[in-house]
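Just so we're clear, the structure is a prediction, and the values are computed from it rather than from any experiment. Numbers for residues simply follow the sequence, beginning at 1.
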Amino acid sequence: MQSSRLVYCFFCLLLLFIGCRQKTDSPSTDPAQNPYYQLYNQIYINRGQVPADTTKIKLQQYLKQFPENADAWMLAGNEAYVQADFNLAIINYRYAIARQPGQSLYYSALGAVYNVQNEVDSAKKYLLKAISLGDTSAYTYLNTALLYIKVNDKAKSLAWADSTAARMTQTPSPVLSGGISFIYSKWGEEENSEKWFEKAVQLGLKDTFAFRQVLSGNKQLEVYYRETYPYL
């Protein structure tokens with residue numbers, strides 16, 4: 001996720017948790033005959049099936065022709081995040097926001113990247129901005145719970161983790177379950193952590209050994225997500 005929602009969580013997870021929606025204010029001609037739609041859809045559909053550099057180049061070419069497409073800037077940010085080019089991801093997300101400032105998804109993605117970089121003030125600003133715009137994505141909530149780990153606020157971290165868990169009935173996800181397990185582990189609540197880890201495994205968590213390394217502190221959660229779920 002809501003596959004459009006990034007745990008680019010971390011980003012990624014987010015985001016990497018992240019997919020992109022089509023703009024509604026683009027040229028009004030028939031989408032089937034409109035290169036604005038055709039070219040972007042082709043890039044979006046092929047991402048993950050072609051080398052990341054190929055997607056990056058095609059997006060650059062597309063955005064030279066259609067710089068008004070906020071979703072394309074969002075996708076460019078996601079691709080930069082997957083390649084761990086966080087500064088470029090931030091630039092691209094900001095371009096998306098500039099073109100469509102009412103879209104909560106873009107703020108969530110930007111906040112998630114700042115979260116990965118441990119820039120907690122900026123992460124908090126943009127994640128809470130996304131929520132204030134009506135974002136109820138479980139991935140945004142998970143990133144917010146992770147943010148409050150960084151500022152050592154147990155109550156808020158667990159509250160946002162609970163809000164993430166409440167959305168699991170609608171979007172059961174190994175990524176979200178794993179993230180909740182990580183949060184409980186960080187706060188020393190091992191029984192709850194193990195319960196959510198088992199749920200994540202039941203839902204098909206990828207590379208459980210690597211995730212165990214995350215829970216034991218031998219691997220960063222952001223790295224696990226980016227390596228294991230680059231195209232959520």
Check whether any side-chain heavy atom of Y141 lies under 4.5 Å from a side-chain heavy atom of D135, and answer yes or no. no

Within the 3.5 Å criterion, strictly below it, is a donor on Q100 or Y106 matched to an acceptor on the partner's side chain? yes

What is the distance from atom CG of N115 to atom CG of L142, rounded to the nearest 0.5 Å? 9.5 Å

At what distance, to the nearest 0.5 angstrom, does CZ of F197 lie from CD1 of I180? 14.5 Å

Exactly one candidate in L176, I183, L146 meets side-chain contact (heavy atoms from CB on, under 4.5 Å) with T164; the answer is L176

R167 side-chain N/O to T136 backbone N/O, donor-acceptor pair under 3.5 Å: yes

Donor-acceptor pair, side chain of S177 and main chain of S173, under 3.5 angstrom: yes

Can you tell me if Y93 uses its side chain to pair, donor with acceptor, with the backbone of N78 under 3.5 Å? yes

When you look at CD of Q42, are more than 12 heavy atoms from neighbouring residues, nucleotides or ligands closer to it than 6.0 Å? no

How long is the gap from OG1 on T208 to CD on Q213, to the nearest 0.5 Å? 10.5 Å

Heavy-atom side-chain proximity of L158 to Y148 below 4.5 angstrom: no

Please report the closest heavy-atom contact between V214 and Q220, naming both atoms and the distance. CG2-O, 4.1 Å

Say whether I91 and L59 are linked into one hydrophobic cluster, either directly or through other cluster members, by side-chain heavy-atom distances under 4.5 angstrom. yes

Any donor and acceptor pair, going by atom type alone, linking the side chain of Y229 with main-chain N or O of K206 inside 3.5 Å? yes

Tell me, which pairs form a side-chain hydrogen bond (donor to acceptor under 3.5 Å, both in side chains) where one or both residues lie in residues 82-92, sequence neighbours left out? D53-Q83

Spell out, as yes or no, whether a donor-acceptor pair under 3.5 Å connects the side chain of S122 to the backbone of E119. no

I'd like to know if the side chain of W187 and the backbone of I149 have a donor-acceptor N/O pair within less than 3.5 Å. no

Considering non-hydrogen atoms only, spot the tightest contact between N69 and L63 and give its length. O-CD2, 4.1 Å

Could you tell me if the side chain of Q65 sits less than 4.5 Å from the side chain of Y36, heavy atoms only? no

Nearest non-hydrogen partners of G179 and F211, listed with the distance: N-CZ, 4.4 Å

Distance-only, no hydrogens or angles: does the D207 side chain make a donor-acceptor pair with backbone N or O of T228 under 3.5 Å? no

With rounding to the nearest 0.5 angstrom, report the CG to NZ distance, L88 to K56. 5.5 Å

Are V120 and Y107 grouped together when hydrophobic residues (ILVMFWY) are joined by side-chain heavy atoms under 4.5 angstrom apart? no

Decide yes or no on salt bridge (charged side-chain N to carboxylate O under 4.0 Å, His left out) for E227 and K219, but give the supporting numbers first. CA-CA 11 Å; E227 292 178 349; K219 190 180 187 73; 3.2 Å; yes

NZ/K58: more than 12 non-hydrogen atoms of other groups inside 6.0 Å: no

Candidate pair N46 and T55, rule side-chain contact (heavy atoms from CB on, under 4.5 Å), full reasoning: CA-CA 8 Å; N46 290 336; T55 300; over 6 Å; no

Following the transitive rule for hydrophobic clusters with a side-chain heavy-atom cut-off under 4.5 Å over Ile, Leu, Val, Met, Phe, Trp and Tyr, establish whether V175 and L203 coincide in one cluster. yes

Is there a path of hydrophobic side-chain contacts, each under 4.5 Å between heavy atoms of I/L/V/M/F/W/Y residues, joining Y126 to F86? yes

Do you know the tightest heavy-atom contact between A145 and S157? O-OG, 2.9 Å

Kindly indicate whether the side chain of N192, heavy atoms from C-beta on, has any atom under 4.5 Å from the side chain of K195. yes

Quick check: closest heavy atoms across S185 and S193, and the distance to 0.1 Å? CB-OG, 3.4 Å

For the NZ atom of K154 and the CD atom of E189, what is their distance to the nearest 0.5 Å? 5.0 Å

Is a donor on one side and an acceptor on the other found under 3.5 Å between the side chain of R47 and the backbone of I43? no

If you look at every heavy atom in L127 and A112, which pair is closest and at what distance? CD2-N, 4.1 Å

Is the NZ or CZ atom of R226 both under 6.0 Å from the centre of the six-membered ring of Y81 and within 45° of that ring's axis? yes

Got W160 and N143 here, is their nearest side-chain heavy-atom distance under 4.5 Å? no

Would you say W196 ends up clustered with V201 if hydrophobic residues are merged whenever their side chains have heavy atoms under 4.5 Å apart, either directly or through other cluster members? yes

To the closest 0.5 Å, what do you measure between OG1 (T140) and CG (L147)? 12.0 Å

Counting only heavy atoms not in Y95, do more than 12 sit closer than 6.0 Å to its OH atom? no

Measure centre to centre between the rings of F66 and Y62, then say whether the value is under 6.0 Å. yes

